[in-house]
There are 2 protein chains.
Amino acid sequence: MPFSQPWVLMTLLAGIVSVGVAIWLYRWVNRQDAGSERAQEVASWIRNGARSYLRRLYMALTLVAVALGIIIAVVFSFDIEHLGLEGGVEVDPSRGVTMAVAFVVGAVCSAIAGYMGMSVAVSANVRSATAAGESINRAFQVAFYAGSVMGLAMVGLAVVGMSAIYLLTGDPEIVLGFSFGASALALLAKAGGGIYTKTADIAADLVGKVELGIPEDDPRNPAVVADNVGDNVGDVAGMGADIFDSYVASTVAAMLLGASFFARGSLDERYVTLPLVLCGLGVLASLIGIRFVRVGEDGKPGRALNSGTIITCVAFAVLAAALVLLGGYNLGVLWATLAGLVTGVVIGFTSDYYTSAEFHPVFETARVSGSGAAINIITGFSYGLISIVPSIAGIVVAMLLSFYLAELSGIGGVYGVGISAVGMLAVSGMIVSSDAYGPIVDNARGIAEMAGMSQEVIDTTDVLDAAGNTAKAITKGFAISAAALTVLALFAAYAEVVGARGVELVISLRQPVVVAGVLLGAATPPLFSALTMLSVTRNAFDMIAEIRRQFDERPGILAGTETPDYDACVGLAAQGALSSLVIPAFLAIVLPVLVGVILGPEALGGFLGGSIFTGVIFALLMSNAGGLWDNAKKFIESGEYGGPGSDAHKASVVGDTVGDPFKDTAGPSLNTLITVMSLVASLFAPVVAAFHLF
Amino acid sequence: MPFSQPWVLMTLLAGIVSVGVAIWLYRWVNRQDAGSERAQEVASWIRNGARSYLRRLYMALTLVAVALGIIIAVVFSFDIEHLGLEGGVEVDPSRGVTMAVAFVVGAVCSAIAGYMGMSVAVSANVRSATAAGESINRAFQVAFYAGSVMGLAMVGLAVVGMSAIYLLTGDPEIVLGFSFGASALALLAKAGGGIYTKTADIAADLVGKVELGIPEDDPRNPAVVADNVGDNVGDVAGMGADIFDSYVASTVAAMLLGASFFARGSLDERYVTLPLVLCGLGVLASLIGIRFVRVGEDGKPGRALNSGTIITCVAFAVLAAALVLLGGYNLGVLWATLAGLVTGVVIGFTSDYYTSAEFHPVFETARVSGSGAAINIITGFSYGLISIVPSIAGIVVAMLLSFYLAELSGIGGVYGVGISAVGMLAVSGMIVSSDAYGPIVDNARGIAEMAGMSQEVIDTTDVLDAAGNTAKAITKGFAISAAALTVLALFAAYAEVVGARGVELVISLRQPVVVAGVLLGAATPPLFSALTMLSVTRNAFDMIAEIRRQFDERPGILAGTETPDYDACVGLAAQGALSSLVIPAFLAIVLPVLVGVILGPEALGGFLGGSIFTGVIFALLMSNAGGLWDNAKKFIESGEYGGPGSDAHKASVVGDTVGDPFKDTAGPSLNTLITVMSLVASLFAPVVAAFHLF
């Protein structure tokens, strides 16, 4: 047993503790007062809608997972490494099956984390609204602990899965299979959820607000439940799945890099498992941070969330320093970890600048809205483009710092980049917890309104909601930069994996095939975004037809005497979203393999590079512009520049509607897309390399 | 005298003939009937406005050219190659001055071509409108020959300038100075013109159509002249300058590659001048093609333009084949030339698919417009994203084909890529001629309306205008793909130029500094786009204030008894546009040098690569989405989906207004931006390499 095994066992333990705490909090939330009968009825619509959506989603995903699992089992049963080189082809089904099992376990862990998060969210929303009648502190606690269920379940399951697989197989490439499972599921859940949520949102708004003039969240609207379910699907399950996949992928990338350096003899075996151990410390730090999140007497939930994040980061830094110093690791590991951690937090907080109503961009966009929707959109889009620059600069700084600090310390610069991505993502438990808090309080506010609670309760939920929006903006910036650093590490890992097969990979921009790969890769994220956004509008038209059908056939609905068939809308949106995923999934999974097989491993390297460059840029553009338009609208609704009902307001509503699929459908899926493509490339690198060697 | 000199002399001669024909056509157009007094008065407003704009523009540009010229003279007086290597620094002012002179001559040639094009356009518009009263054939001839003045002057001056400099100095790097002059001026003229034209357009519309409800092109609107001048500025001078700079840059890139291969002994000296000779043949082919453009009895101007393009391409292919076969050149040259030529034309025609009302994307965008502006924008934006794919695929095919065909023929793959860019751009004379035709007939239509000509004349100008729009769409696709291939060749040339300084450049994506460079480079085109678009809205607000001031102070304007102060609006828009250029110009010229000096030549290579990737992608997105929204609006205005005044129409107007700065301000400048940055990198490569060697 290698001497780093005890550390991995402790990491496994930390993961189990995290899952245990998540389960405990899950029960705690469910024990809270579920409120009045009316509130429970409203909440039950959303809960049933969410279950109905999840059932459809997971049925479809099971099919995909089984199909991909079989393909993986078959492909990896061949001894690809020596394919064609020594005449015959050796077949070893055990490796194929192990890889397939790892893949399926990864997918299942991601699904369980998403399911737990969703199901606690839909039971916490009404409980938080009810608690808001008592005190803001209590309402905050319910919502935040419910969010923590998601955060802790996610990191816990990830750490348990990776540690267990590594302990059983000792092979980081099998852990790569686990990561691919998690990411493939995340991509489908996230892109599907993104299409679903905006389909429901746009359809509900167009028929409800625009055609009939009934308010948002009116229970007479058949799409209202689908819309509310969508908030949970996109924001809770989606963001969780997104960070889950970066979290696992960054750890695997760093492990693969460590293994490659170990194989060359430049690092010892402990550095292979170090990324896992850092994750374990991050889990402990998150548990500490979550423990300290508390709204004081002054009732400032935003400050409580921020201080929780800061405590977690400090705790993680201290634990990482202790590990490095006491464990006798090279100091370069610490510098790389800190470079990642600090940059992640800084980028997160600065991305707030472009989307918060306290700063110039939102302010200016709101100001020009009086001149019409087009000016609002041009201005918001332009600030979205500018918002790319600071995040890119942050990613560049983190990458160069961690590379050169690691290089100078003698642990290999590329390994340092991998560790910095792990350092950035290690605090994910806390980040996801405060992010998942957002949609819960948003839903609580909706339920308070739909169930006719008092104005005081609604005001309290408003305060909670505002804090949630800031947390959300921070998480988005964090998620994108973390994904960027992760895929850069994966990119390096891909080159190492290919290199280990005897093809020394020079991905030079002076080679035309590499440039061809980069150009094709660069065109993929825009194409993916376009396909998902067009699905939204197409599905929304189908759903509008269904809403109109219900109103026509059952006049009692609009009169308020009949309950609409909420489930029909949920089902339609879910079905539409899932069937829209076929081509995007093909792009993500099959395209990299095709490029590698046809144009060779160098071109595939270029392809990955190109997809990363534009993937990050479009993700930042779409998320930030979308958030900016949303807040410009809210700023005008707060009474500025003419207030509600003014021309400026109408213009800002158009901007917000454009921003919806930007920030909730296309933008956030791009992180996952580039992660999946990079994982596919690394996983199938032996196949690509084998073709190249013929 | 090297034996390729006679060929270069003949090329010089072809250029002189081209300029001569341009001057002859210029006079011919001016001899045409200028129409009624009223028509002449209206035309004189636009002419005077255009002169006023050009005076301001060229005054500002002269200052920039002189300043840059001095910097170049100083920098290139030092013997950079041996700086710091052998202790002392040798100073040789003659090389510095030669380079500065080449730079200034390049800028002046670009300016003269733009000036000729603009000034013939503003005198041809009224003459074409007048001729439309006689026959469509005559009106077409006036407009097309006026467009040819621009096309022929442009290629003629380019060829004359490059040949003369090469004959005098025998040094392609001095020709690079000429190219940089042309491109720097093109960037400022194009970005400035793009900001100017949309400032005027948006301000005129917002006050005129929206606030006062007076029609477009109403002479009571003080901004109407600025708006009409803007059409010429952006479309005639802008597109001309754009293709001028790609045209020169592609030739220089191929010459530099040829020189580098010659220095290594793998190609003989004739291949250095071959790109120039191909340009000369392209000029002859364009003269032949232009001769054959004629509207038949059936009055189909679109078909006339297309057949002119096809005749030019065939003539060029035949001439190039004759040159290669009779001149004893390697056949690989012919394959590379044809690969570029064919791909350019194919991309041009297919880009029509995404922007023409005859196909699905425009049709679908128009259809969904009934559901509001936001859906119109999401749909159009999505198709814009999809439109990136075929053009990128075309560029990839052209690059790989020309590379491998050249490689297999033994002339060096990279040189083949350079030649294919030259092959694509060689027919620019014809392409620019039919492009410049568009805004002339557009203006003719405006004048016909403003001067109260008969409905028959207006209908004729409508037919002419529709053909112009198709030509414009084709040119945009062509211009972007040509620029892409050109910058790829320039990118290779940059590596060769650095390589010649003893730094063997490996621009590998596995080096973090290269990735850092790529990320920073990739963020630059979006930033540039944002800055120019924000300038448009900012300047439009200033101009709106000026329009309102005129209406307030002089009530006779709105009553129609007083002529507004058109020049005040022209001046304001020009001033605003020029002062908005400071930061974008800094990005283009200083940033590459900074990246090279601070992060090294590999990072600069990455930076160029990154800027090319996103530059091409955003240029395609913005140009195509903008064109699509424009045509979706026109499609609805033709009576479909509710027709003018319907909700769908209102939504499509918002989309069109968003698209205006996309397609006319930000999109088209990006080609020039990436060309300028690549030229700066190649030009200052010795400086960067010298820093690196310390």
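Throughout, protein chains are lettered first and strands after them, A, B, ... in sequence-line order, and every chain is numbered starting at 1.
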Tell me, for [X] versus chain B, whether the close heavy atoms (under 4.5 Å) come from the side chain, the backbone, both or neither.
X: A/Ile202; result: side chain
X: A/Ile377; result: side chain
X: A/Ile395; result: side chain
X: A/Thr379; result: both
X: A/Phe528; result: neither
X: A/Val368; result: both
X: A/Ile612; result: neither
X: A/Thr537; result: side chain
X: A/Leu206; result: side chain
X: A/Ile617; result: side chain
X: A/Val513; result: both
X: A/Ile544; result: neither
X: A/Leu509; result: both
X: A/Ala373; result: both

I'd like to know whether CG of A/Leu408 has more than 12 heavy-atom contacts from other residues, nucleotides or ligands below 6.0 angstrom.
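Result for CG/A/Leu408: enclosed.
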
Once you measure the plane-to-plane angle for A/Phe381 and A/Phe662, does it fall in the parallel (<30°), tilted (30-60°) or perpendicular (>60°) bin?
perpendicular

Proximal component of B/Ile388, with respect to chain A [non-hydrogen, under 4.5 Å]:
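When you check distances to chain A, only side chain atoms of B/Ile388 fall under 4.5 Å.
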
Determine, for A/Arg538 against B/Glu364, whether the closest basic-nitrogen to carboxylate-oxygen distance falls under 4.0 angstrom.
no

